[in-house]
Amino acid sequence: YKPFLPFVKFVLKHFRTDMKNDKETYYLNWRNVETGHPRRLKACALELCRYKSTVDYSLITAPTYVIAASEDKMHVFDQTLEIVRRLPNAIKFDDVRYYHKTHTREIAERIANFILKIEKETKSTKKFP
């Protein structure tokens, strides 16, 4: 594993990360490959290569908040848009452009506020005997 690390970091930096606008993503992934357990990383990578979602999104009735990063080179943004289109109750969607921004305190606060708003609306529509 160790001999391949420089190559993996090179690919991450030059082909899988927008270093001009989103270098924080590179450092996040750099840390993961540096500190990750090689066998677990390999097993995860192999499993992800075979992964195919069979979720019937039309069955998800809960209010849904989707956060995506349109400029992220590691994830396909069009797939996120397709999932949002299939979700019958996707009531909130945010494109934060860059992957590292999906893991910020601001996004955590948005998610918490979304959940609190849904809880408040649910409680206010319940009728008590």
Side-chain angles (χ1 to χ4, degrees):
Y1 180 75
K2 291 285 183 192
F4 293 108
L5 275 178
F7 174 72
V8 170
K9 291 177 196 174
F10 177 82
V11 170
L12 278 173
K13 186 173 189 173
H14 297 286
F15 299 104
R16 304 304 294 169
T17 308
D18 178 358
M19 290 302 288
K20 182 179 177 188
N21 299 306
D22 193 20
K23 63 183 171 209
E24 290 87 351
T25 296
Y26 169 74
Y27 296 113
L28 179 88
N29 289 314
W30 179 89
R31 185 188 70 217
N32 290 339
V33 297
E34 270 294 319
T35 61
H37 188 278
R39 285 191 179 144
R40 290 180 186 163
L41 288 172
K42 178 184 175 186
C44 182
L46 291 173
E47 197 60 39
L48 285 172
C49 288
R50 293 188 292 261
Y51 178 75
K52 221 19 158 188
S53 176
T54 58
V55 174
D56 181 357
Y57 294 100
S58 66
L59 299 176
I60 300 172
T61 58
T64 309
Y65 181 14
V66 178
I67 300 166
S70 58
E71 301 295 323
D72 180 15
K73 292 183 176 184
M74 298 278 257
H75 303 91
V76 181
F77 185 66
D78 289 342
Q79 288 176 345
T80 304
L81 296 177
E82 179 62 22
I83 291 169
V84 170
R85 189 184 67 71
R86 291 181 179 189
L87 283 167
N89 213 2
I91 60 175
K92 188 151 176 60
F93 175 78
D94 274 336
D95 175 11
V96 294
R97 291 191 65 199
Y98 303 109
Y99 175 75
H100 74 275
K101 291 185 178 182
T102 64
H103 294 75
T104 61
R105 183 178 301 273
E106 177 189 351
I107 292 299
E109 289 172 2
R110 287 188 203 176
I111 293 168
N113 290 335
F114 174 78
I115 293 168
L116 291 171
K117 180 181 175 196
I118 298 300
E119 284 181 345
K120 186 177 179 181
E121 289 172 358
T122 303
K123 286 179 184 176
S124 68
T125 58
K126 284 185 180 179
K127 298 192 180 196
F128 295 98

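Computed from a prediction, not measured in an experiment: that's the story for all the values here.
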Original post:
If Ile, Leu, Val, Met, Phe, Trp and Tyr residues are connected whenever their side-chain heavy atoms lie under 4.5 Å apart, and connections chain through other members, are Phe77 and Tyr57 in the same group?
Top reply: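 Hydrophobic grouping puts Phe77 with Tyr57.
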Original post:
Within a strict 4.5 Å, meaning less than it, do heavy atoms of the Leu28 and His100 side chains meet?
Top reply: no
Original post:
If you measure from CH2 on Trp30 to CG on Leu5, what distance do you get to the nearest 0.5 Å?
Top reply: 9.5 Å
Original post:
Got a salt bridge between Lys9 and Glu34, using NZ or NE/NH1/NH2 to carboxylate O under 4.0 Å?
Top reply: yes
Original post:
Is a donor on one side and an acceptor on the other found under 3.5 Å between the side chain of Asp18 and the backbone of Lys20?
Top reply: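 Yes; judged by distance alone, with no hydrogens or angles, the pair exists.
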Original post:
In terms of hydrophobic clustering (I, L, V, M, F, W, Y; side-chain heavy atoms under 4.5 Å; direct or indirect links), are Phe93 and Val55 co-clustered?
Top reply: yes
Subject >> Gap separating the NZ atom of Lys101 from the OG1 atom of Thr25, nearest 0.5 angstrom >> reply: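 Interatomic distance, Lys101 NZ to Thr25 OG1, rounded to 0.5 Å: 10.0 Å.
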Original post:
So does Glu106 pair up with Arg110, basic N to acidic O under 4.0 Å?
Top reply: yes
**OP:** Any chance you could measure Ile91, atom CD1, to Glu121, atom CD, to the nearest 0.5 Å?
**Re:**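 Between atom CD1 of Ile91 and atom CD of Glu121 there are 6.5 Å.
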Original post:
What about Ile60 and Val84, same hydrophobic cluster or not, with Ile/Leu/Val/Met/Phe/Trp/Tyr joined at side-chain heavy-atom distances under 4.5 Å?
Top reply: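 Yes.
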Original post:
Thr64 and Leu87: which non-hydrogen atoms are nearest, and at how many Å?
Top reply: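 Nearest heavy atoms, Thr64 then Leu87: CG2-CD1, 3.7 Å.
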**OP:** Indicate, with yes or no, if Val66 and Ile115 share a hydrophobic cluster defined by side-chain heavy-atom contacts under 4.5 Å among Ile, Leu, Val, Met, Phe, Trp and Tyr.
**Re:**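 Cluster IDs for Ile115 and Val66 differ.
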Original post:
Looking only at heavy atoms, what is the nearest atom pair of Ser58 and Pro88, with distance?
Top reply: O-CG, 3.6 Å
**OP:** Rounded to the nearest 0.5 Å, what's the gap from CE on Met19 to CG on Leu12? Could you check?
**Re:** 10.0 Å
Original post:
Linking I/L/V/M/F/W/Y whenever any side-chain heavy atoms sit under 4.5 Å apart, do Ile111 and Ile118 land together?
Top reply: yes
**OP:** Check the angle between the aromatic planes of Tyr65 and Phe114 and answer parallel, tilted or perpendicular using the 30° and 60° thresholds.
**Re:** tilted
Original post:
Would you say the side-chain atoms of Asn89 pair up with the backbone N or O of Thr61, donor to acceptor, closer than 3.5 Å?
Top reply: yes
Subject >> Presence of salt bridge, Glu82 and Arg86, under 4.0 angstrom >> reply: yes
**OP:** Quick one: pull up CG in Leu116 and CG in Asn113 and give me the separation to the nearest 0.5 Å.
**Re:** 6.0 Å
**OP:** State the OH-NZ distance between Tyr27 and Lys13, to the nearest 0.5 angstrom.
**Re:**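 Result: 6.0 Å between the selected atoms.
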Original post:
Which atom pair, heavy atoms only, marks the closest approach of Leu41 to Asn32?
Top reply: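 Scanning both residues, the minimum pair turns out to be CD1-O, 4.3 Å.
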Subject >> Any side-chain heavy-atom pair of Val11 and Val8 under 4.5 Å >> reply: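 SC-SC contact between Val11 and Val8 ruled out.
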Original post:
Taking the six-membered ring for Trp, are Phe10 and His14 parallel (under 30°), tilted (30 to 60°) or perpendicular (over 60°)?
Top reply: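 Ring orientation of Phe10 relative to His14: tilted.
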Subject >> Pair Ser70-Asp95, side-chain donor/acceptor within less than 3.5 Å >> reply: yes
